[in-house]
**Student:** 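Please read through the structure below; I'll follow up with questions.
FYI, side chains are in, hydrogens and waters are out, and symmetry mates aren't considered; it's all heavy atoms of this structure.
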Amino acid sequence: MSLHTRLQQRAAEGRPIRIGLIGAGKFGSMYLAQIPRTPGVQLVAIADLSPDAARVNLERVGWQPERAAAGSVQEALKHGTTWITDDWQAVTREPSIDIVVECTGNPIAAVDHCLDAFAHGKHVVNVTVEADAFCGPLLAHRAQQAGVIYSLAFGDQPALICDLVDWARTCGFPVVAAGRGHKWLPHFTESTPETVWGNYGLTPEQAKRGGLNPKMFNSFLDGSKPSIESSAVANATGLTVPSDGLLYPPASVEDIPFVTRPKSEGGVLERKGMVEVVSSLEADGRKIPYDIRMGVWVTVEAETDYIKNCFEEYNAHTDPSGRYFTLYKRWHLIGLEVGMSVASVALRGEPTGVATCWNADVVATAKRDLAAGEMLDGEGGYTVWGKLLPAERSLRLGGLPLGLAHNVKLVRPVKKGQSLSWADVAIDTSTAAYRLRNEMETMFAPSIRARAA
């Protein structure tokens with residue numbers, strides 16, 4: 001039975017999936033735009049630091065004011081409306097809520113929200129993939145201990161990539177590589193919120209109209225978000241990552257099966273079974289026609305001549321050997337697709353992507369020469385960008401995860417291009433996020449080191 005049919009049944013029975021949303025910014029607003037059009041769900045409560053800003057965004061996406069006029073959870077439940085509050089614990093601890101959608105984009109706060117939701121019997125769809133990148137395996141472990149489901153958010157590229165990987169493996173194909181597209185040139189690692197719009201391809205007017213956050217969008221441009229999302233995919237699927245960061249090979253959709261092969265066969269991969277990000281720009285900055293910039297892809301291998309012949313007979317576009325084939329989605333619709341995760345978790349009891357191992361990490365790396373005493377400003381800011389590394393290498397470096405590089409003071413200078421370590425900063429050890437990361441390193445380090453030996 002399809003998810004939509006089951007949602008219609010829930011609506012007919014008067015048993016909607018009851019949702020609590022934490023964070024009503026851009027991503028949350030995109031999900032809010034779809035909720036009135038989805039049967040069988042009720043958004044019981046929205047928690048946002050600024051309830052007034054949340055109401056502005058509700059108006060922006062087309063909600064009628066009376067739909068969010070509830071003065072309490074009880075009133076929302078009685079009338080099928082939505083309550084808006086600035087108290088996130090009122091959402092994570094409300095017994096009537098089935099699923100919390102964490103949508104703040106703040107990785108340290110997101111860890112608090114997820115852990116409290118688990119403790120109170122709530123499933124979590126975590127949009128804040130920045131948190132998943134530095135402690136996702138432990139978040140998944142804590143959810144399992146609590147008997148609830150923790151899931152990446154459909155619409156965001158990691159969950160879509162996980163879906164393609166699952167398709168491939170379920171069909172019996174070995175996954176050679178999987179990943180997303182991106183607009184990439186090496187100097188983008190130096191981009192700041194002041195330079196983002198020109199490089200990203202938007203005008204300041206377009207950014208203002210959309211209510212777009214320059215720091216958040218810069219985290220995409222400077223390579224931080226592609227690294228974060230690739231880390232989430234590697235940890236959810238068991239795929240490995242490049243030894244010294246993403247390579248961003250330029251390729252059209254047609255050329256993906258050419259470049260996502262092992263080096264020994266003319267591609268860029270160190271080995272089969274890796275994550276990678278394909279660039280929509282040539283090295284000289286020229287735009288590649290029919291690119292995969294906004295999409296996701298998986299490259300699979302025909303292990304027998306029969307399967308290879310099937311590729312040929314059905315006109316599947318492959319590499320010159322005929323063995324490697326790429327399936328792709330050229331677009332992702334971000335928050336407009338989150339309902340897939342909510343329905344999958346509630347109706348099938350299945351996450352749309354969840355960490356199963358610790359293969360990858362994203363380490364804060366200096367955008368410029370940094371002096372002792374400077375404050376790091378996290379992903380998308382002026383000081384650091386995120387570099388994807390194997391978890392084993394990050395452990396050896398004592399790498400500072402990008403998700404914890406917010407409002408942290410440097411205690412010694414760091415050169416441009418150098419990955420930061422715990423010893424370079426005065427870290428706040430009192431946060432749940434730090435404790436969870438420390439616990440994860442302790443738990444996984446022995447197996448990671450044994451695997452690398």
Side-chain angles (χ1 to χ4, degrees), residues 1-24 27-28 30-48 54 67-68 70 72-85 87-104 110-128 131-132 139-140 142-156 159 335-354:
M1 187 183 295
S2 74
L3 289 173
H4 183 250
T5 300
R6 294 177 68 177
L7 286 171
Q8 288 177 315
Q9 279 191 351
R10 292 288 289 260
E13 295 165 0
R15 294 189 307 112
I17 302 165
R18 288 171 168 164
I19 306 158
L21 176 69
I22 304 179
F27 201 117
M30 294 181 80
Y31 180 44
L32 289 168
Q34 296 297 84
I35 288 175
R37 296 162 176 81
T38 308
V41 298
Q42 181 193 355
L43 181 61
V44 174
I46 299 171
D48 195 278
R67 191 180 185 101
S72 66
V73 166
Q74 290 71 30
E75 187 178 338
L77 292 169
K78 181 178 179 180
H79 298 292
T81 54
T82 300
W83 176 53
I84 302 175
T85 178
D87 180 5
W88 64 265
Q89 288 182 325
V91 173
T92 57
R93 301 182 181 189
E94 168 52 43
S96 67
I97 289 174
D98 304 308
I99 298 174
V100 171
V101 179
E102 208 300 328
C103 214
T104 63
V111 170
D112 290 335
H113 302 159
C114 290
L115 293 178
D116 202 62
F118 300 158
H120 290 86
K122 304 286 183 292
H123 306 305
V124 173
V125 174
N126 184 19
V127 173
T128 306
D132 191 87
L139 287 172
R142 289 291 184 86
Q144 187 176 37
Q145 287 180 316
V148 296
I149 297 168
Y150 168 76
S151 178
L152 297 173
F154 211 80
D156 229 358
L336 301 178
E337 298 181 70
V338 171
M340 285 292 295
S341 291
V342 169
S344 181
V345 168
L347 302 176
R348 292 178 177 160
E350 292 182 355
T352 52
V354 62

**Student:** Any salt bridge linking D98 with K122? Criterion: basic side-chain nitrogen under 4.0 Å from a carboxylate oxygen.
**Tutor:**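 Result for this pair is no, no salt bridge flagged.
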
**Student:** Ignoring hydrogens and geometry, is there a side-chain-to-backbone donor-acceptor pair from Q42 to V44 under 3.5 Å?
**Tutor:**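 Here the side-chain-to-backbone pair does not exist.
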
**Student:** State, yes or no, whether a side-chain contact exists between R18 and E94 at a heavy-atom distance under 4.5 Å.
**Tutor:** no

**Student:** Just verifying a value: how many Å separate N126 CG and I22 CD1, rounded to the nearest 0.5 Å?
**Tutor:** 10.0 Å

**Student:** Please identify each residue that fulfils side chain to side chain donor-acceptor pair (under 3.5 Å) with T352, with sequence neighbours left out.
**Tutor:**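 For T352, the residues satisfying side chain to side chain donor-acceptor pair (under 3.5 Å) (neighbours in sequence not counted) are S151, S341.
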
**Student:** Can you tell me if CD on E75 sees more than 12 non-hydrogen neighbours from other groups inside 6.0 Å?
**Tutor:**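 Yes, because the 6.0 Å sphere around CD of E75 holds more than 12 heavy atoms from other groups.
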
**Student:** If you define the side chain from C-beta out and look only at heavy atoms, does anything of I19 sit under 4.5 Å from V101?
**Tutor:** yes

**Student:** Would you call the rings of Y150 and F118 parallel, tilted or perpendicular if under 30° counts as parallel and over 60° as perpendicular?
**Tutor:** perpendicular

**Student:** Can you tell me how far apart CD1 (I17) and CG (L43) are? Round to the nearest 0.5 Å.
**Tutor:**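 One finds 12.5 Å between CD1 of I17 and CG of L43.
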
**Student:** So do V125 and V100 actually touch side chain to side chain, heavy atoms under 4.5 Å?
**Tutor:**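 Side-chain contact under 4.5 Å: no.
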
**Student:** Let's go through E102 and T128 carefully: what are the C-alpha distance in whole Å and the side-chain angles of both, what is the deciding distance for side-chain hydrogen bond (donor to acceptor under 3.5 Å, both in side chains) to 0.1 Å, and is it a yes or a no?
**Tutor:** CA-CA 7 Å; E102 208 300 328; T128 306; 2.5 Å; yes

**Student:** Give, for atom CZ of R10 and atom CG of L3, the distance between the pair rounded to the nearest 0.5 Å.
**Tutor:** 12.0 Å

**Student:** Which side-chain N or O atoms in residues 32-39 pair as donor and acceptor under 3.5 Å with protein atoms at least two apart or in another chain?
**Tutor:**
| from | atom 1 | to | atom 2 | distance (Å) |
| --- | --- | --- | --- | --- |
| R37 | NH1 | A33 | O | 2.6 |
| T38 | OG1 | Q34 | O | 2.9 |

**Student:** Kindly indicate whether the side chain of V124, heavy atoms from C-beta on, has any atom under 4.5 Å from the side chain of I99.
**Tutor:**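 Side chain of V124 against side chain of I99, heavy atoms only: no contact under 4.5 Å found.
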
